[in-house]
Amino acid sequence: MATNKKESPTLGERIKSMREKLKMDLDTLAYKTGCTAELLEQIEEGEVAPPVGTIIQISRAMAVDSAALLAEDKKKERRRSYRKRTKNYSYKTLTPGAEDKHLWAYMITMEPKKEHEKVEYQHEGEEFVYVLEGKVEVQVADEVSVLKKGAALHFNSNLPHTLKNLSPKETKLLVVVFTP
């Protein structure tokens, strides 16, 4: 017997839907975010998991709360505190309702021995990373830092940066992003 369970839209589908409701094309969103139209299309199609900074840029460009982009429609997902899983990591907004603010905080959980794939992150502002559990490698431009539990790094997020979990278990990070 077939069931009519409707899946919650993915992050990319929610971005595309909101963009289309605003009657905004990909080129306009690209201009407003500083991302390429090709990258935005890959995000909307679910081919690329965007980093937190890109989600912030997209939400600001469309004047929506990042929590609205991260939120799932199902009650089950709401009980999981708007936690969204993407390839190799999940993130949970700690500052819902902050769409017009400059400071946003997220809880990031990275799978063992994994890194963000396909995208090197770069966004306007500053970023602060604090390791709650595990061990992570943060590369900012040519500088590589290895951070263990209790260690932190504050950097200019205009510089290209990547994250990699070096731990054989999940790594949890508190990430605070400031955008002017």
Side-chain angles (χ1 to χ4, degrees), residues 10-37 39-40 42-44 48-72 77-78 80-86 89-110 116 118-132 136-143 145 147 150-164 171-180:
T10 65
L11 173 63
E13 290 167 341
R14 285 190 298 278
I15 290 170
K16 183 175 183 176
S17 174
M18 289 180 184
R19 178 180 59 76
E20 289 174 344
K21 282 179 186 172
L22 294 169
K23 299 187 184 330
M24 184 184 296
D25 62 25
L26 278 172
D27 290 328
T28 302
L29 185 57
Y31 174 78
K32 288 183 169 197
T33 61
C35 298
T36 66
L39 173 61
L40 293 169
Q42 289 175 323
I43 291 168
E44 288 184 353
V48 171
V52 170
T54 301
I55 294 169
I56 291 170
Q57 288 173 286
I58 292 168
S59 62
R60 288 182 75 151
M62 295 193 302
V64 298
D65 185 353
S66 65
L69 295 179
L70 298 175
E72 296 287 346
E77 293 298 323
R78 280 196 287 273
R80 289 174 34 181
S81 301
Y82 298 118
R83 189 171 179 171
K84 174 67 181 163
R85 179 158 291 284
T86 60
Y89 79 108
S90 68
Y91 48 90
K92 170 186 160 188
T93 183
L94 301 176
T95 51
E99 68 274 7
D100 61 343
K101 305 296 183 200
H102 298 279
L103 189 72
W104 303 24
Y106 297 89
M107 176 74 66
I108 307 290
T109 304
M110 297 182 71
H116 272 252
K118 296 191 180 186
V119 183
E120 185 175 73
Y121 320 117
Q122 188 172 0
H123 51 90
E124 187 178 20
E126 298 175 47
E127 196 161 321
F128 174 81
V129 176
Y130 179 82
V131 182
L132 297 166
V136 67
E137 176 185 285
V138 182
Q139 181 170 352
V140 180
D142 294 330
E143 295 290 321
S145 300
L147 307 175
L153 182 66
H154 179 208
F155 59 91
N156 176 346
S157 54
N158 286 303
L159 299 172
H161 52 284
T162 60
L163 292 173
K164 181 189 293 184
T171 290
K172 292 188 183 288
L173 310 170
L174 171 64
V175 176
V176 179
V177 178
F178 172 80
T179 55

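Below, each value reflects all heavy atoms present in this structure, side chains not excepted, and no hydrogens, waters or symmetry copies.
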Exercise for review: Would you check if E44 and L26 make a side-chain contact, meaning some heavy-atom pair closer than 4.5 Å?
Suggested key: yes
Review point. Rounded to the nearest 0.5 Å, how far does OG1 of T33 lie from CZ of R60?
Key: 12.5 Å
Check your understanding: After noting the C-alpha distance and the side-chain angles of L173 and L163, does the key distance pass the side chain to side chain contact (heavy atoms under 4.5 Å, CB included) rule?
Key -> CA-CA 11 Å; L173 310 170; L163 292 173; 4.1 Å; yes
Review point. Should L94 and L174 count as side-chain neighbours, where that means a heavy-atom distance under 4.5 Å?
Key: yes
Practice item. Give the minimum heavy-atom separation between L147 and A152, together with the two atoms involved. Key: CD2-O, 4.0 Å
Point to revise | Q139 side chain to A141 backbone, donor-acceptor under 3.5 Å | key: yes
Point to revise | Verdict with reasoning, L103 to V176, per side chain to side chain contact (heavy atoms under 4.5 Å, CB included) | key: CA-CA 7 Å; L103 189 72; V176 179; 3.3 Å; yes
Check your understanding: Taking atom CD of E13 and atom CD1 of I43, what is their separation to the nearest 0.5 Å?
Key -> 14.0 Å
Point to revise | Expected output: side-chain H102 to main-chain T179 donor-acceptor under 3.5 Å | key: yes
Exercise for review: With the side chain counted from C-beta on, respond yes when K16 and R19 share a heavy-atom pair under 4.5 Å apart, and no when they do not.
Suggested key: yes
Point to revise | E137 side-chain N/O to K164 backbone N/O, donor-acceptor pair under 3.5 Å | key: no
Point to revise | Gap separating the OH atom of Y106 from the CD1 atom of I55, nearest 0.5 angstrom | key: 6.5 Å
Review point. Do L40 and I58 pass the side chain to side chain contact (heavy atoms under 4.5 Å, CB included) test, and can you show the C-alpha distance, the side-chain angles, and the key distance before you say yes or no?
Key: CA-CA 9 Å; L40 293 169; I58 292 168; 3.8 Å; yes
Review point. Nearest 0.5 Å, what's the NE2-CZ distance between H154 and F178?
Key: 9.5 Å
Practice item. Identify the heavy atoms of A30 and A37 that sit nearest to each other, and give their distance. Key: CB-N, 3.6 Å
Review point. Between atom OG1 of T95 and atom CD1 of I56, what is the distance when rounded to the nearest 0.5 Å?
Key: 7.5 Å
**Study point:** Distance-minimising heavy-atom pair for A61 and M24
**Key:** O-CE, 3.8 Å
Review point. Could you give the distance from CD (E127) to NE2 (H161), rounded to the nearest 0.5 Å?
Key: 4.0 Å
